[in-house]
Every structure is written in structure tokens, then in C-alpha cells.
Amino acid sequence: MAGKVFDFGKNRFSETWNSDQFSGERHLNPYHPFNDERDWELAKWLQDLNVSMEKVDAFFKLKLAPRKPDISFTSCKEMREKIEKLPSPPKWKETEVSVKGGTTKKPLTLLYRDGLECFKYLFGNPLFQNHMDFIPRRVYTDDKQKERLYSEIMTGDYVWDVQDNVGAGETLGLVMLGSDKTHLTNHQGDKECHCVYISCGNILKSLRTKASGHCWLMIAQIPVAKFHEQELQGLLSNRLYHECMDIVTATMKKCSAVPERMADPSGNIRLTRLLLALVGLNGVHLPFWRDWESADPSCFLAPDALHQWHKFFVDHAVKWAKYLLGNDEIDRRMSVIQPRSGCRHFDDGFTRFKQHTGREQRDIERVFVAVLAGHKSVNVKIMRAFRGLMDFIYVAQYESHSTETLSYLRDALKQFHDNKVALSKAGVRDGKMKKGKFNIPKLELMQNVERLIKALGSVAQFSSDQTERCHIEMAKIPYRSTNRKEYASQMCRFLDRQERVRLFDWLLEWNKCQTDATADFPAGTTAAERRHSNMITSDDRHMRQSTYEHLVNIFLPATVPSYFEHKRAICNDTTAIIIPSRHSQRHLGLIAAMALYGIPDLRKELIQYFKSADFGVDRNGLRVLLPFNTMHTWWNVSVQLRHPQDEDSALPKVKVLATPPSKNLPLGRYNFVLCKESPDSKVQGHFVGQVRLLFEGVYHDLRKDSVPLAYVQVFQPARNSTSKQKDGVIAHVADDNIEMFRVERRLRSDGSRKGVIIRLDDIWRPVELIPRYGENCPENWTCDTAVELAKQFYVNCFADKTTFQEVY
């Protein structure tokens, strides 16, 4: 039996509030050492500004600034002294360290916190009450238990195997450590720090991977040393790191051998043994984890999506593409892609940039395969190699994996290796050192991804995006508040104040909820007595659900709101179309709409729509009547999809534009969507449409049940991209090698574009079309004209992670 509850105790908020040195004073004044709520809120606001002492003092010199006795402090020094009396998170310590064989100009000081205290602080945070995972499990999707799922760490084999070898009822506390050096100054100076962060792997990844979830703590600042023995700088730095980590993790390693009783977020007491679940690689003879019980480097050295896959893509795949196409051609191809809401558009290409942010790397990856297609230097095998590589990167980032998706991962990597010889023959790996070979460490590490997913669950949760964000919040921002001298200790004091303020904010809100829930009291009972009584008599084992929900709504990151029940949403089973609250144009005449949006067949298609919809259009006379002559239009709508791996949650909404020509957009901007199967299509499945008009009619009979409509221009499978199946059905098939669906505009017999009227709830999802460039991108194409001038397009399955999973 795993994860047994051995006893019940107080949750951490209750214990902290009642055991703090000023708990007596706070029974009378909950804001102590501040005078009242107004006094506290001012201190919290000034601390959250993250400004220097000088600027805070300048604020108090203003004539409009509050004065004593209205507030209890009138200088930054006084304010900080009061903040330091608030309940404390794990405290900072310092000690001198040295490395055998290395000498430095000044003694080296390690600033750190006790690892076990930090873990308990995270493990027992009541805010995480409904976001914890204590019991290893194996999850299957079929009765025969052949199709296994891997998502959270507790679904992997690593924790499962360790649990079999520990005491009955023990809970495994999963320690996650991340560390890296980061520059503190931009463009000038050489100030840097080597930070170590800790998180609790028992916290569900949906919360742990969010920056605003407060699931990470800085646990140490490793001294950045410049050794006199310059030729041994790297080796000595690695030794220093591990010697420091020995000190930081000493108590955690004891807890890995002898489990300790710990309170979880609900106050349940669990016998917890710490297991090292994640740590960054750092080569040295005596690593700090050598005496960590059950620690297995072959498991806890997890892949890093940011520095391994995305960095490999930029450092190698992009360089190969530049070599094959040339900078000018690849920039031109990137620049003519239609801009997409929420994505970076490279107006002048990207090759001139020496560095890219993680966001930019992902935006290049989105279009990379389609941009290369058709160029004379990219033959069939080269395209297969690139496609295999991109498939691997995208599949590896799935939030959960199954036995089936792991086979996709394996096949994608095999496809790259089977075709990489074509890249060598093209010369992308020429040179004395490379010799046409692919001896690339990051590429070699990809071989381990499938094994590590089975051991640790989805490895996307271990991306160093999280620690990069920690660098900003816990290193760079604190550094800006220092005087730049002896900044390391000042940064730690800043973090201590920041965490005290955050913890006290949590405690105050919790206390208010406890007070509001107080039972009946005898007449004459003071507020302080009621509050004190409530602290004693309340059920400390489990926080009230109403209290928990209130705290979560205030302090934890909000989930993506679902619009499937929203009053302005038009929905089908998979998609919610959210209509803006205001029309972009009102009472636009039919003739005016045809001219403005450039759709001369609008009236004809409306007649056809209402005829097929059986709206009672009069066709007996010479003139066919429509139920409206004017319309209200929108220039955009938002589309929200259900999460592909969790139908109860929704994805962030995406804008779909149908913007008419204007001064800034002479040709307008019309995005693409995948629509419900057209009734007159000979090909089975959905069809791609370019949304040219979003509208609702101003009906003559003022009907209230009308559904908003869209006019879309239809795309059909391109020539030689269909196949007759065994059952006689004609299906659209993806092009070989690039493995994307190829489409072209459907034309009428007179050569004009075919358009149709659809209901908004016939839209399935937004899609991205990328022009088929041919050998060279035409000179007259721009990001606005390319979608009008190109003859054929690829439906980009890499447009986003969800599209990749569902249009793969």
C-alpha cells in the first residue's frame, strides 16, 4: 500500500498562524506588525513594485504620501523591518566553501536554504490541496492492458519500481532540482549568478509548469568563481557545484534513507521518503547524488525540450536549411506567409538574427517544413529527414503519451536517420571535424526519450522553460533592486521579503475565510475573541471547500475559461465560436457588402443557402426574395476547441479574421478554417474554406432563432491528391515526403472562385495554409498577396500542437 495517511494534523496555514512569535498579537490585530489593512496593503504594494530603497523613500517625500500615525512606517528601512517580522518561509544561510586544487582571490560563500525545509514548505502548501499526486500507478486504456498511458511522474516506471522497494504505506516525495548560470546584466558588465531551484514533483504538472503557480523556490546561489588555475576552470567549477549541492541536499539525502513524517496540504501526516526525480547534468567524479538513496541518474536526468530539442533545431536544422536554400530565399519564403493571430510573423525573415527567444524558435518550427518544400536543393530524402525530425520534436512534446504515440516517436526518429545520408551528400555536414557524420550529442540524446517517457511520464513537463522563468522572477528582478555591490546576499534578502509578503497574504485571506465561517457566539463576544475561538475550534485537518476555492481563485493561476456555455458562443461538439459583443458594421446593404468584400456571388449563394435550408423563400415570381436585404458584420470571431486529451477542459481561444480592405490592409485579411463536409463534395471529409464574410441578417420577420452565417471560399484537394479507398469512397490523402494535405481553390465553370454560405457552427477549427512556392518564391508575393496569387497550398499540420495531434 502506497501513500498511506498515518495521522492527522494541522494544515500549514493553521500551524504557521498559531505558532508564529507574534501569533498572540495577531489574535487582536491580524495585520500585526502593521496598524491595519490599509497599512498592510501599502507595504505590500511598495514591495511588489520591486524598486530600490531610494525610490521608496522618494515616494514618502511626496506631499500626497501618507504620514504617521495614519501608517506605521515612512521610510523603506522601517517598512522592511516590519516585513521581516512577518511569518517566515525557509530561512537563508551562508557558509564558506572551497575546492581542493582550486584557489581564488576571495573566499567563496555559499548562500543556501535547507533542502528538506524547502521541500516540506512546497509539499504542505494548502493551496496545492487538489493538485497533488501521492500514489504510483499504471494506467491503461484497454481491458487487455496493452495500451498504457504516461503523463504525470507517478504514472512512470521509475517511481513504481522504487515504491516496491520501500516500506509499506510510505509516500515518495519527488524532488525536482533545476540549476543554471544566468547573466544579470544586459549589454554591459559580466555580473552573473548560478542559481539552484527546487520544486515538488508530487504537484501536478498542470500547475507546476505555470510560472504564477509559485511551485518553485530558489534553494541556493552557487558562488561564481574565477579560479587562478585557468586551465582547470571548467573542472573546478563542476566540483564546486557538487560540493555546494552536497551541503544543500544533506538533509534531503537523510530523508531518502530514513523517511520522515510530513504534513500534506490537507494536514494529513504521511511517512515520506524523498526520491530525486529530476536534476540537471553536470559532469564530475563525485556527484552530489552519489549517496542519495534509490537515485538513478539514468532516470532523473530527463530530456530538456528547450535546450535539447529546440536548441538542436536552431543550431543544426536551421543551419542546414540556410545552406540548402540560402538566406535570401528562406527569408523571402518566411515573409510571405499570412500573419496568424498569436504567432510571430517574420516580415523580413529571421536569418539575420544571431539569437532567438524560445518563442521565436517555436514559431520558426511551425512553418519550417512547408517553407522548404519544392526548392530544387531539397530532394525527396532530405524532405523526409526534415519531416522526421520535426515529427519527433512535436510528438515528444505531447502532454501525455500512450504505447501508440511512443511508436510515432520511434518511427519519426528512424525516418530521420534513414534519410540523413542525403543531407551529408548535399554538403551540410562537410568539414574537417564533421566529415559528413552526425556526431551531435543532442541528436544522440534523442535515442533516450522513449525510455525516459516510460520512466518519468511526459517529459515536456521537465523543460527548462520553467527555470528560465525562475531566473527572471528570482534572480534578475531581485538583482535590479540591489546596489550592484555584494548583490548575492541582497538578492536573497529581497526574495525573503517577497516570500514573507506572499505567505502573509495567503494567511490573511485564509484567516478571513475562517473568521467568516465562525459559528454562533454568546452575546457580547468581541471580534478578537471570535477570531481566536475560531482558530482553536476549526477543523484544521481539512480546509473548508469554500475556503479552498476562494484561495485558489485569488492566488493560483486561472484555468483557461471555457466558452462552450457562453451566451455569445455558437457551439458544436468540438468547437465554440465566440462572437464579439459589438458588430464591426451595422445595417450594411447586400450590394455594398458584395462590393466591399469583393464577393460578387454573395447574393447567389444566399439564395442557394436559403433554398437548401428551406426558409420559405418565394421562388414563384420572377424575382427571388431573400429574408433580409441588410446585415450586421463582424471583422473577426474567436474560436475555442476542447482539449484533445481532456474533453472537460478547453484550449485558449484563437482569432479568425475576415477583415475587409482598409488603408492598413489594402487587400483585407481573411483567415482559413476547416468546415463541415460540403454536401456537393465528391471527397469524403471536411473542407478548407477562406472566411470572407462573417454576418447575421437583419431579417424582415425579426426571427430570434437565426444562426450567424459566414461566406467562405472553398478549397478542394489539389490535383493528384485523392485516392479511391477499398469501400469506393474517394479520400483526400497527404502528399508523400512532406506528409501534408495539398489544396487548391475550387473554381466555377467560368473560372471564378466558388463560395458557399455556412452556419458558424459548421466551422470545426482554424487552420493555416502555406503557399506552395515551387523552386523559388515569386518576387511579387507578399504576406497579403501570396494567398491570392498562389495556385496551391499546404494545410500546415505544424501550425500548433493541437493541430498536429488532430491533423497529423
According to the salt bridge (Lys or Arg N to Asp or Glu O under 4.0 Å) rule, which pairs have a member within [range], sequence neighbours left out?
range	value
residues 190-214	D190-K226
residues 485-508	K44-D505, R113-E499, D496-R500
residues 78-90	K68-E78

In Å, rounded to the nearest 0.5 Å, how long is the span from [atom1] of [X] to [atom2] of [Y]?
X	Y	atom1	atom2	answer
L507	W17	CG	CH2	6.5 Å
E94	S489	CD	OG	7.5 Å
L122	E117	CG	CD	12.0 Å
S98	L236	OG	CG	11.5 Å
F555	W510	CZ	CH2	13.0 Å
R480	M491	CZ	CE	10.5 Å

Closest non-hydrogen atom pair, [X] against [Y]:
X	Y	answer
S335	G349	CB-N, 4.4 Å
C118	I219	SG-CG1, 4.1 Å
S638	K655	OG-CG, 3.9 Å
T104	A225	CG2-CB, 4.1 Å
P66	L42	CG-CD2, 3.8 Å
T182	A475	CG2-CB, 4.3 Å

Electrostatic pair D20:R26 at N-O distance under 4.0 angstrom = yes

Test your reading of the model: is there a side-chain donor-acceptor pair from [X] to the backbone of [Y], 3.5 Å cut-off?
X	Y	value
E243	L240	no
S199	C215	yes
N202	M132	no
T16	F13	no
Q640	Y563	yes
Q490	N483	yes
N18	S14	yes
S23	S19	no
Q397	K801	no
R362	G358	yes

query = Would D264 and R12 count as a salt bridge (Lys or Arg N to Asp or Glu O under 4.0 Å) if you check the C-alpha gap in whole Å, the side-chain angles of each, and the deciding distance to 0.1 Å?
reply = CA-CA 8 Å; D264 69 11; R12 181 169 288 275; over 6 Å; no

[Y] side chain reached by [X] side chain, heavy atoms, under 4.5 Å:
X	Y	result
W506	L551	no
K93	L110	no
W292	V175	yes
K253	D246	yes
F60	I71	yes
I83	L86	yes
M218	C470	no
V97	T109	no

message = More than 12 heavy atoms of other residues, nucleotides or ligands under 6.0 Å from CZ of R67: yes or no?
response = yes

Derivation of the side chain to side chain donor-acceptor pair (under 3.5 Å) call for S464 and H307 = CA-CA 7 Å; S464 58; H307 287 120; 2.8 Å; yes

W289 and F300 aromatic ring geometry - parallel, tilted or perpendicular at 30°/60° bounds = perpendicular

Quick one about [Y] and [X] (side-chain donor to acceptor, distance below 3.5 Å, no hydrogens or angles considered), yes or no?
X	Y	value
H550	E509	yes
Y241	S179	yes
S237	Q233	yes

query = Which pairs, with at least one residue in residues 342-352 and sequence neighbours excluded, count as a side chain to side chain donor-acceptor pair (under 3.5 Å)?
reply = D331-T351, R344-E360, H345-D347

ask   = Which residue pairs satisfy the side chain to side chain donor-acceptor pair (under 3.5 Å) criterion with at least one member in residues 467-478, sequence neighbours excluded?
value = Y197-H471, R469-E473

Residues 30-38 side chain polar contacts: donor-acceptor under 3.5 Å, at least two apart:
residue	atom	partner	partner atom	Å
D36	OD1	R38	N	3.2
D36	OD1	D39	N	2.9
E37	OE2	K512	NZ	3.4

Under the side-chain hydrogen bond (donor to acceptor under 3.5 Å, both in side chains) rule, collect the residues that match up with [X], sequence neighbours excluded.
X	answer
T209	none
W216	Q466
T251	D114
D133	R137

request  = Verify side chain to side chain contact (heavy atoms under 4.5 Å, CB included) between M474 and L495, making sure each step is shown before the conclusion.
outcome  = CA-CA 7 Å; M474 301 183 205; L495 286 175; 4.0 Å; yes

request  = Decide yes or no on salt bridge (Lys or Arg N to Asp or Glu O under 4.0 Å) for E260 and K120, but give the supporting numbers first.
outcome  = CA-CA 10 Å; E260 286 196 16; K120 288 181 177 179; 3.1 Å; yes

remark   = Sequence neighbours excluded, the answer for ring-ring contact (aromatic ring centres under 6.0 Å, His included) partners of F353 is none

query = Step by step, would you call V51 with S481 a side chain to side chain contact (heavy atoms under 4.5 Å, CB included)?
reply = CA-CA 6 Å; V51 296; S481 70; over 6 Å; no

Side chain to side chain contact (heavy atoms under 4.5 Å, CB included) partners for K311, two or more places apart = D315, K442

